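Here the structure is a predicted model, which is why all the values come from computation and not from measurement. Order of appearance sets the numbers: ligands from 1, and atoms from 1 within every ligand.
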Amino acid sequence: MSDRMGSRAPAAAEDGERSLVGPPSGDDEHLLGQDVSTPYFVYVLAFFSALGGFLFGYDTGVVSGAMLLLKKEMNLNALWQELLVSSTVGAAALSALAGGSLNGLLGRKICILMASFIFSVGGIILSIAQGKVVLLAGRIVVGLGIGIASMTVPVYIAEVSPPHLRGQLVTINALFITGGQFVASVVDGVFSYLSHNGWRYMLGLSTVPAVLQFIGFIFLPESPRWLLQKGQSQEARCVLGRIRGDRSINEEYDTIKASIEEEEKEAGAGGLIILRILSHGPTRRALVVGCGLQMFQQLSGINTVMYYSATILQMAGVRDDKQAIWLAAATSATNFVFTLVGVWLVERVGRRKLTLGSLLGTGLSLTLLAVGFLLSTQNSPPVTLHPVDPHNSTCRLYGSCDLCMLDPECGFCYRENGTMAYESSCIPVSRASTDHAAWGRCSNSTEESDGLIWAYNYCPTSYSWIVLLGLILYLASFAPGMGPMPWTVNSEIYPLWARSTGNACSAGVNWIFNVLVSLTFLHVTEVLTYYGAFFMYTGLVVLGLVFVYSCLPETKGLQLEDIENLFTRQLCTCGDSAANDNRYIHYVRRSSDFSPAQYGAVDSDSAIAYITLR
Ligand SMILES: O[C@H]1[C@H](O)[C@@H](O)[C@H](O)[C@@H](O)[C@H]1O
C-alpha cells in the first residue's frame, strides 16, 4: 500500500500530475479556479443522489405529526405508536448493514435506484393503508429504503466529486436530510388541520421525490470508481470524461486504476471483506474512526433534542398544540439552516476543526440545557390540591410537578397567576388522549376558559428561557459539524475495496444508536430526571471530543486514493495529522516535461507539479 500522503505525490508526479500543497495564495486561487472548474453535471448528480438524503430526513421526520392524527383515527396504543416509529429505524439499521454487499455487487447506481423504488412503494402502501398492520408494513418498507440510501448516497457523491469539492457535495446530502426533516415538519403543520386522512398525505407525499429520483437515476451514470473495480475500464473512462467535462481525466483515471491494482495485489486471495478490513491495520483504524463518529453523533442526543423540542417549547409557554407543531417546524428549520453553514465551512476549515468546534459547542449547550432543567426542577411548583383519586393511581403520590411529569401516566392540572402555578394537582392522563385528564377539573378540554391548564410532559417554569437558549445553541452547534461530518468523513476514509462495507457498518452503527438513544430516553429521564439525562449526554459529548481530537485526521483536499495513508499509524495518533491542517492539496493539469527534481519549486506558468509544506 502506498505510504503516507506526501510520498504518493512523486508517483503522481511521474505521471506528470501537478500537486499543490499549501494554502492557496492569490495566484493559487487563480490557478485553482482556472484548472479545476467543475462542470455542472457533477451538481446534477449530487442533487439527484441527495434526494435519497431528503427522503431519509422526510420519512424519519414526518411520523411525529402523522402519529398525532393516526393515534386518534386508528385508536393506537403506546405500543403501536412506538412500533410505527421505531420499526422504520430498525429496518434502516438492517438494510444499511446489508447495503454493503449490495453496493459491492450491484453498484451504487442500482442501489440508489433500488432505494428510490422501495421509497415509492413504501409511500404508496402508507397512503392507502386501511389498518395498522399495513401501516407497519409500509413503515418497514420505507425503513429498508432509508438504510440503503443512507449508506450509498454519500459514497456515490464522494466517488464522482473532484477532491476540492467532495466535502461540500457530500455535505449537501446531509443538508438534504435536515431539509427533508424541515419539509416534513411543515407538511405535518399543514395537514394537521385535516383531522380525517391528513396522515395519508403526510406519509404518502414522499412518493413524489422518490419517483423523481428513480426517473433521474435511470439516466445518470454509475460511479467510475466502481466500474473500474469491476474491470469495465472503457465505460469508467467514458463516465469520468462526462463528469469532469473538458478537463483532462488521464491522471485521475490512472491514479484510480493504479490504486485498484495495488489494492488487489494486497488483498490476495480475497475472503470476507469485513474480515479483510479488520485484519488490515489502516482500514481497521478507519472503521473504528467511522463507526465512532456515527456512534458519537447519536450519543450527542440530536434525536432526543429534536423529539423533545415540542416539550421544551411548551415549557417556554407555548401551550397550544397547533402552535407547538409550527414551532417544532422552526426547530427543524434551525437544524437545516445551520447545516448550510456546515456546507459553507467544510472546505474552508476542514472536517476535523469543524467536528471539534461543533462538539465543543454541542457540549456547552447541552450543559446549558441541563442547567435550565435543573433550575426548573429545583423550583418546580408543588402539588397543593389532593382530590380523592377514584382509582388510587400512583399520581396522587407525587409532591411536585416535576415528579408528577416523570410518570408517563400522570399530568399536572393547575391555574396560573403570572408565572406562578396554584391550585395544582397531579392527575392520571386520559387513556383516549393526552390532551386531558382521566377525570376531575382538567378532564374536559373546554375548561380552559376557567383558567385551568392541563400540562402533560412539561412543567410551568420561569427558567424556560435558559432551556430555549440551550436548544437554539445546541442546534446551531450540532448542525454544521456533528450532523453532517460523520456521513462526509465515512464516505472518504475507506479504500475502494472496503468502501461499501465500511459505510454499511458505520451507517448501521448510526441507526442502531439512533434506536437505542430514542428508545431509552424516557427510561433515562425516569431514572436520572431531565437534567440528569442532559448532563449524561454532556458527558458522552466530552468522550466524543477526546475521541475526535485523538483519532480524526483531516481529509480535506486529498484524493480519495490517498486518504488511507492517514491511517497507517497506530489508532488515535492519526489526529496528529492536524499538523497538516494548514496544507491545501489540489491536483491540476499534468505536464509531460515533469521532472521530480522540480518538487518544491513554485512554477505557476508551466503547470508542473510542486509541493510546499508549511
Ligand atoms: O445527520 C443526521 C441529521 O443530523 C439529522 O438531523 C438526524 O436526525 C440524524 O439522525 C443524523 O444522522
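S185 and S332 are linked by a side-chain donor-acceptor pair at a separation below 3.5 angstrom, with hydrogens and angles left out of the test.
Protein heavy atom at the shortest distance from atom 6 (O) of ligand 1 is Q181 OE1, 2.8 Å. What sits closest to atom 8 (O) of ligand 1 on the protein, heavy atoms only, is N303 OD1, 2.7 Å. For atom 12 (O) of ligand 1, the nearest non-hydrogen atom of the protein is Q297 OE1, 2.9 Å.
For R351, the salt bridge (Lys or Arg N to Asp or Glu O under 4.0 Å) partners are E347, E492, not counting sequence neighbours. Under the rule for a side chain to side chain donor-acceptor pair (under 3.5 Å), the partners of T178 that lie at least two apart in sequence or sit in another chain are T339.
Distances below 4.0 Å separate heavy atoms of F478 from the following atoms of ligand 1: 4 (O). Within ligand 1, counting atoms from 1 as listed, the ones closer than 4.0 Å to a heavy atom of W487 are 1 (O), 2 (C), 12 (O).
The shortest N/O to N/O separation between G483 and ligand 1 falls below 3.5 Å. Backbone and side-chain nitrogen or oxygen atoms of T178 are examined, and none is located within less than 3.5 angstrom of a nitrogen or oxygen of ligand 1.
Checked for salt-bridge contact, E554 and K353 miss the test: no charged N lies under 4.0 Å from a carboxylate O.
Proximity of N335 to ligand 1, defined as any heavy-atom pair under 4.0 Å, is confined to the side chain (atoms from C-beta onward). Contacts of N510 with ligand 1, taken as heavy-atom pairs under 4.0 Å, involve the side chain alone.
Cation-pi contact between R352 and Y549: present, with separation from the ring centre below 6.0 Å and deviation from the ring axis of at most 45°.
Under the 6.0 Å cut-off for aromatic ring centres, F56 and W511 qualify, their centroids lying closer than that. Ring to ring, Y531 and F373 are not that close: their centroids are 6.0 angstrom or more apart.
Under the 4.0 angstrom criterion for non-hydrogen atoms, Q294 is not in contact with ligand 1.
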